[in-house]
Amino acid sequence: MGRAFVYVIVGGGVVAGYAAHEFVKRGVSHGELCIISEESVAPYERPALSKGYLLPEDPARLPSFHCCVGSNEEKLTPKWYKEHGIELILGTQVKSADVRRNTLLTATGETISYKILIVATGARPLKLEEFGVSGSDAGNVCYLRDLADADRLVNVMQSCSGGNAVVIGGGYIGMECAASLVINKLNTTMVFPEAHCMARLFTPKIASYYEEFYKSKGVKFIKGTALTSFDFNTDGKVTAVNLRDGNKLPADMVVVGIGIRPNTSLFEGQLTLEKNGIKVNGRMQSSNSSIYAVGDVAAFPVKIFGETRRLEHVDCARKSARHAVAAIMEPEKTGEFDYLPFFYSRVFTLSWQFYGDNIGEVFHFGDFSGKTFGAYWIHNGHLVGSFLEGGTKEQYEAIAQATRLKPAIEDLTELKRQGLGFALSVSRKPPQSQSINVGGSGLDLDLNKKPIYAWHATAGVIVAASIAAFAYWYGRRRRRW
């Protein structure tokens with residue numbers, strides 16, 4: 001038993017929704033596209049799970065956050081897929097892939113064949129057992145990646161209101177879940193081994209601001225240590241968390257957010273892997289020309305930095321999905337994916353955005369005792385990264401534009417003095433002359449420069465006239481022959 005499609009997307013997350021939307025915009029025919037998803041619902045905006053879905057009052061629920069509402073576009077409900085002739089195969093796991101035969105085998109025994117495959121398998125949460133700690137299967141230990149995880153977390157959270165919650169991990173999931181837990185009136189403690197929260201992105205100064213804000217809301221922090229084991233009751237539920245530093249924390253529930261691992265197992269040994277993901281080119285195309293990879297699972301060339309990276313964020317998933325479909329449907333009109341890395345979060349009354357890279361020397365600006373502040377990262381004399389908390393739409397757009405331009409920073413004192421004003425002024429300047437380095441030769445083709453010598457123009461006229469005269473003479477001779 002089997003079915004054949006022109007295009008197949010394996011994975012039913014954000015990428016699948018945005019890719020389907022782009023396929024329809026570009027005129028995919030009914031019956032050509034299929035999405036295979038382990039989840040039982042149509043693709044949805046995953047960020048809602050750690051934000052609105054966990055709120056105690058008026059929580060977000062499907063169908064309100066199906067793709068593509070996250071980018072202020074139409075909501076792709078199951079009805080939308082049906083109306084556009086897109087086959088949704090939900091609640092179905094793909095057991096194996098054969099890239100030579102262009103086939104997928106599902107857990108139900110069905111063979112799905114394709115001409116073009118988009119791998120959108122995303123990533124899975126790292127489990128405690130991978131770090132030598134058992135207890136992930138306890139009834140009150142929660143992870144958060146998909147809708148089923150979110151439903152379980154909500155049920156556990158509601159069952160122990162007023163109790164003690166311990167969050168293991170100080171990254172995205174940990175920070176956003178801790179905010180939701182304390183809003184739901186749980187006594188919340190965060191535990192992580194790093195010196196401060198969001199250690200992969202935040203500077204100590206930035207982290208200190210958020211930690212103090214969280215403390216004002218009732219969240220406690222235990223840093224520089226790690227979970228070693230749990231205590232359990234006779235029902236198999238966790239009652240306490242034991243830490244490496246000797247602390248024992250009472251726990252009515254535990255939320256674990258210690259990272260993710262890309263789901264590449266279907267294609268290991270069949271496609272080229274890099275950075276723990278599937279290596280793709282600037283068109284999101286893998287080492288097999290019939291297969292594209294997008295989102296958390298893809299390691300792609302980030303042009304602005306000149307290196308291959310794998311980026312774990314919804315903005316990258318949305319944009320790379322659209323780019324892959326454009327490259328598939330209109331290859332002659334589609335260049336390489338030119339993405340500016342972007343991360344953001346919104347918790348409590350806070351809202352921050354980061355663009356670029358956090359390498360090099362950092363310069364903070366703004367009022368860290370107030371609501372608006374930020375930082376610039378300078379590497380090799382150029383701006384490479386920008387962070388802003390509490391900005392306006394114009395200000396966020398300005399730091400994004402300034403970071404993409406990578407302006408040279410000649411006066412660090414002046415940069416500090418201007419602060420946010422620097423990004424605003426850079427983003428408002430008219431485009432500067434464009435220098436193109438041809439083949440690494442150092443040849444400078446400035447598209448806005450005028451000829452330096454007056455005779456350039458004269459020489460051009462003389463050459464043109466000579467060519468015209470030769471053409472006239474040659475034409476007369478041909479007529480004689």
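Quick caveat: nothing in here was measured; it's all calculated off a predicted structure.
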Neighbour count >12 (heavy atoms, 6.0 Å) for atom NZ, Lys95: no
By side chain to side chain donor-acceptor pair (under 3.5 Å) - contacts of Asp245 (at least two apart): Asn247
Partner residues of Tyr18 under the side chain to side chain donor-acceptor pair (under 3.5 Å) criterion, sequence neighbours left out: Glu45, Ser71, Arg318
Listed partners of Asp146 passing salt bridge (charged side-chain N to carboxylate O under 4.0 Å, His left out), at least two apart: none
Asn164 CG to Asn187 CG distance, which is reported to the nearest 0.5 Å: 5.0 Å
Side-chain touch Leu76/Pro43, heavy atoms, less than 4.5 angstrom: no
Residue pairs involving residues 248-261 (criterion side-chain hydrogen bond (donor to acceptor under 3.5 Å, both in side chains); sequence neighbours excluded): Glu130-Arg261, Asp231-Lys248, Asn242-Lys248
Parallel, tilted or perpendicular: rings of Tyr339 and Phe337 (30°, 60°): parallel
Geometric class of the Tyr7/Phe23 ring pair [parallel <30°, tilted 30-60°, perpendicular >60°]: tilted
Residues that Ser134 engages under side chain to side chain donor-acceptor pair (under 3.5 Å), provided they are two or more places apart: none
Salt bridge (charged side-chain N to carboxylate O under 4.0 Å, His left out) involving Glu57 - partner list, sequence neighbours excluded: none
Validation row: Tyr81, Ile35 side chains within 4.5 angstrom (heavy atoms): yes
Salt bridge flag under 4.0 Å for residues Glu38 and Arg124: no
Partner residues of His313 under the ring pair (Phe, Tyr, Trp, His ring centres under 6.0 Å) criterion, sequence neighbours left out: Tyr172, Phe343, Tyr344
Which residues share a side-chain contact (heavy atoms from CB on, under 4.5 Å) with His66, sequence neighbours left out: Ala42, Tyr44, Leu62, Pro63, Lys75, Thr77, Pro78
Side chain to side chain donor-acceptor pair (under 3.5 Å) involving Glu176 - partner list, sequence neighbours excluded: Ser50, Lys51, Ser345
Cation-pi, Phe300 ring and Arg310 (6.0 angstrom, 45 degrees): no
Residues which pass salt bridge (charged side-chain N to carboxylate O under 4.0 Å, His left out) with Lys223, listed by chain and number, not counting sequence neighbours: Glu211
Side-chain ion pair, Glu394 and Arg428, N-O less than 4.0 Å: yes
NZ/NE/NH1/NH2 to OD/OE distance under 4.0 Å, Arg404 and Asp338: yes
Any side-chain heavy-atom pair of Leu388 and Phe365 under 4.5 Å: yes
Glu397 versus Gln401, side-chain donor and acceptor atoms under 3.5 Å: no
Side chain proximity check, Ile399 to Leu420, heavy atoms < 4.5 angstrom: yes
Summary of ring pair (Phe, Tyr, Trp, His ring centres under 6.0 Å) pairs that have at least one residue in residues 409-428, sequence neighbours excluded: Tyr376-Phe422
Parallel, tilted or perpendicular: rings of Phe348 and Tyr214 (30°, 60°): perpendicular
NZ/NE/NH1/NH2 to OD/OE distance under 4.0 Å, Arg46 and Asp296: no
Trp377 vs Asp357 side-chain heavy atoms within contact, under 4.5 Å: no
Side-chain heavy-atom pair Gln353, Tyr355 within 4.5 angstrom cut-off: yes
Listed partners of Lys416 passing salt bridge (charged side-chain N to carboxylate O under 4.0 Å, His left out), at least two apart: none
